[in-house]
Amino acid sequence: MNRRDFSKQLSLAGMTGLLGTSIVFSKNMPKGYWPIALQDPDPFSLFDKDKEMTVLNDRPWNIEAKAHLLNDKVTPNKYMFVRNNGRIPDTIDVNSWTLTIDGEAIRKSKTYSLQELKTKFKPYTYQLTLECGGNGRSEFDPPAKGNQWTVGAISCAQWTGVRLRDVLEDVGITDGAVYIGYHAADTHLSGDPTKEPISRGVPIKKALLDETLLAYKMNGQAIPLAHGFPLRLVCGGWPASASGKWINGISVRNRVHDGAKMGGSSYRVPCETVAPGSQIKETAMCIIESMPVKSLITYPRSGALIKEGQSLSINGHAWAGELEVTKMEYSIDFGSTWKDCTLEKPVNRLAWQHFMANVQFPKKGYYEVWARATDKEGKSQPMVLPGWNPKGYLNNACHRIAVKVV
Ligand SMILES: Nc1nc2c(c(=O)[nH]1)N[C@H]1C(S)=C(S)[C@@H](COP(=O)(O)O)O[C@H]1N2
Ligand SMILES: [Mo]
């Protein structure tokens with residue numbers, strides 16, 4: 001969010017909201033004035049994030065969690081990563097907000113007000129895993145350009161909204177429907193109003209699943225601004241880029257959606273494994289769909305100290321895109337031998353699962369605890385960086401923490 005552009009449109013009510021109190025002599029304030037308290041805004045207070053979160057970029061805002069901050073079973077806003085491709089919309093009027101369904105594969109386009117969506121269709125609540133396709137990018141070699149996410153671009157909040165399927169059925173889609181693409185109210189960093197910063201989507205089959213929501217609540221409250229207030233598409237288990245924030249349109253396409261960041265190397269990886277650093281033809285790139293199996297140790301934080309003879313309780317989460325995780329193991333000997341963790345079932349499909357274990361160490365010294373999840377199809381996390389790709393997507397290597405027994 002560029003400060004100048006932000007202030008140009010920010011209403012007095014908007015400023016009051018950000019300041020947390022009213023501006024007493026606001027009527028004397030010059031037009032377009034930006035109160036000092038809001039200059040170089042502090043992202044932590046601006047977005048209600050915990051101070052331990054890591055800011056990777058401020059134009060646009062990109063903020064990630066650290067592993068130990070993600071220990072909650074349901075991710076609260078303060079620990080939820082923020083990934084923006086453009087500028088957060090700064091003038092949102094909930095009362096006039098609409099969602100238009102159009103595209104080649106619908107009978108007649110239709111526009112709903114937010115109120116209509118909420119009253120006409122049945123609400124559902126699911127906990128849904130959203131992981132940025134680039135989570136773990138910082139480990140790629142040769143390095144991949146883009147936000148250098150470590151492990152914290154993952155969340156599993158509770159989303160409430162209406163099923164996209166119910167809305168599409170109400171509009172009427174044709175047999176020719178192949179894909180949906182979202183349109184949103186955020187603006188391109190260049191300032192060009194004709195350009196969308198991002199307009200992605202999913203195949204119609206994913207769009208019609210029970211868990212694919214047009215959400216208006218996160219963890220039981222209005223969605224925070226940074227996460228898509230007042231309306232967001234949520235496609236759990238897929239790269240989170242498919243879950244459009246601030247959406248005001250869905251196009252039902254008769255072909256693969258061709259919006260911004262659907263082509264080239266955006267959210268696409270070589271269809272076949274390639275040598276690190278290779279040049280890849282555009283036709284040899286495939287769109288990322290369900291995310292791969294992965295896990296995170298969220299307790300204790302790396303660097304734990306324990307006394308000799310004591311056992312260490314570890315816990316964390318595991319997820320595998322559209323699939324369930326069926327096995328969770330840990331190793332204290334650099335992957336030579338593995339022991340089972342206790343693994344819970346997900347609260348619903350596409351939610352992460354919790355694991356825990358009681359780890360024993362043979363003697364004093366330095367150890368690493370490595371965690372490895374296996375999905376329903378028998379695929380496990382690799383111990384080292386998996387398939388190199390130009391943009392550094394899909395790093396699902398085992399998470400590790402350091403432990404000293406003293
Ligand atoms: N309109 C819009 N939707 C968007 C984005 C965006 O920049 N604009 N970023 C996408 C990407 S790449 C990710 S990883 C997720 C991040 O969601 P979060 O910020 O709520 O964690 O939002 C997705 N939806
Ligand atoms: Mo992303």
Side-chain angles (χ1 to χ4, degrees), residues 1 43 46-49 53-57 59-65 69-70 75-90 92 97 99 128-137 144-149 151-159 161 180-190 195-202 212-219 222-251 257 259-262 265-269 287-288 291 391-395:
M1 214 164 6
L46 196 57
F47 302 124
D48 257 328
K49 297 296 170 190
M53 297 286 282
T54 311
V55 176
L56 298 180
N57 197 350
R59 274 163 215 199
W61 288 111
N62 286 292
I63 302 172
E64 79 165 326
L69 300 178
L70 291 168
T75 313
N77 176 49
K78 63 179 173 180
Y79 298 138
M80 194 174 203
F81 78 99
V82 177
R83 162 58 170 139
N84 293 321
N85 289 266
R87 239 178 273 154
I88 296 179
D90 43 34
I92 292 173
W97 191 273
L99 177 77
L128 297 166
T129 308
L130 290 185
E131 181 177 20
C132 179
N135 196 21
R137 174 178 292 135
K145 283 207 191 93
N147 290 299
Q148 296 300 302
W149 304 110
V151 296
I154 166 85
S155 67
C156 193
Q158 202 184 56
W159 296 93
I180 61 121
Y182 64 74
H183 303 287
D186 48 344
T187 52
H188 200 270
L189 290 177
S190 66
K195 276 194 188 158
E196 295 183 281
I198 185 167
S199 169
R200 303 201 68 247
V202 290
T212 300
L213 297 180
L214 291 166
Y216 46 80
K217 277 189 184 175
M218 189 183 105
N219 297 337
I223 302 175
L225 175 65
H227 299 293
F229 178 80
L231 190 66
R232 163 171 215 174
L233 178 65
V234 191
C235 303
W238 283 45
S241 53
S243 294
K245 307 193 274 191
W246 315 289
I247 62 160
N248 49 27
I250 298 273
S251 299
H257 181 55
K261 309 230 166 160
M262 284 299 296
S265 52
S266 293
Y267 306 103
R268 304 207 304 168
V269 291
I287 299 172
I288 301 169
M291 292 293 283
K391 283 281 191 76
Y393 295 123
L394 306 183
N395 177 4

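Since the structure is predicted, the reported quantities are computational estimates derived from the model, not experimental observations. Residues take their numbers from the sequence shown, with the count starting at 1. Remember, it's 1-based here, ligands and their atoms both numbered in the order they're listed.
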Check your understanding: Is a side-chain N or O of N135 found less than 3.5 angstrom from the main chain of W149, in a donor-acceptor match?
Key -> no
Check your understanding: Side chain of N395, backbone of R137: donor and acceptor closer than 3.5 Å?
Key -> no
Point to revise | Under 4.0 Å from ligand 1 - residues by heavy atom, chain and number | key: F81, V82, R83, N84, N85, C132, Y182, A184, D186, I198, H227, R232, A240, S241, S243, G244, K245, W246, Y267
Exercise for review: Apply side chain to side chain contact (heavy atoms under 4.5 Å, CB included) to Y267 and I198, showing your working.
Suggested key: CA-CA 11 Å; Y267 306 103; I198 185 167; 4.1 Å; yes
Review point. What are the two closest non-hydrogen atoms of R200 and K261, and how far apart are they?
Key: NE-O, 2.9 Å
Check your understanding: Just checking, is any N or O donor in the side chain of S251 or H257 under 3.5 Å from an acceptor N or O on the other one?
Key -> no
Point to revise | Minimum heavy-atom distance V202-W238, with the two atoms named | key: CG1-CE3, 3.7 Å
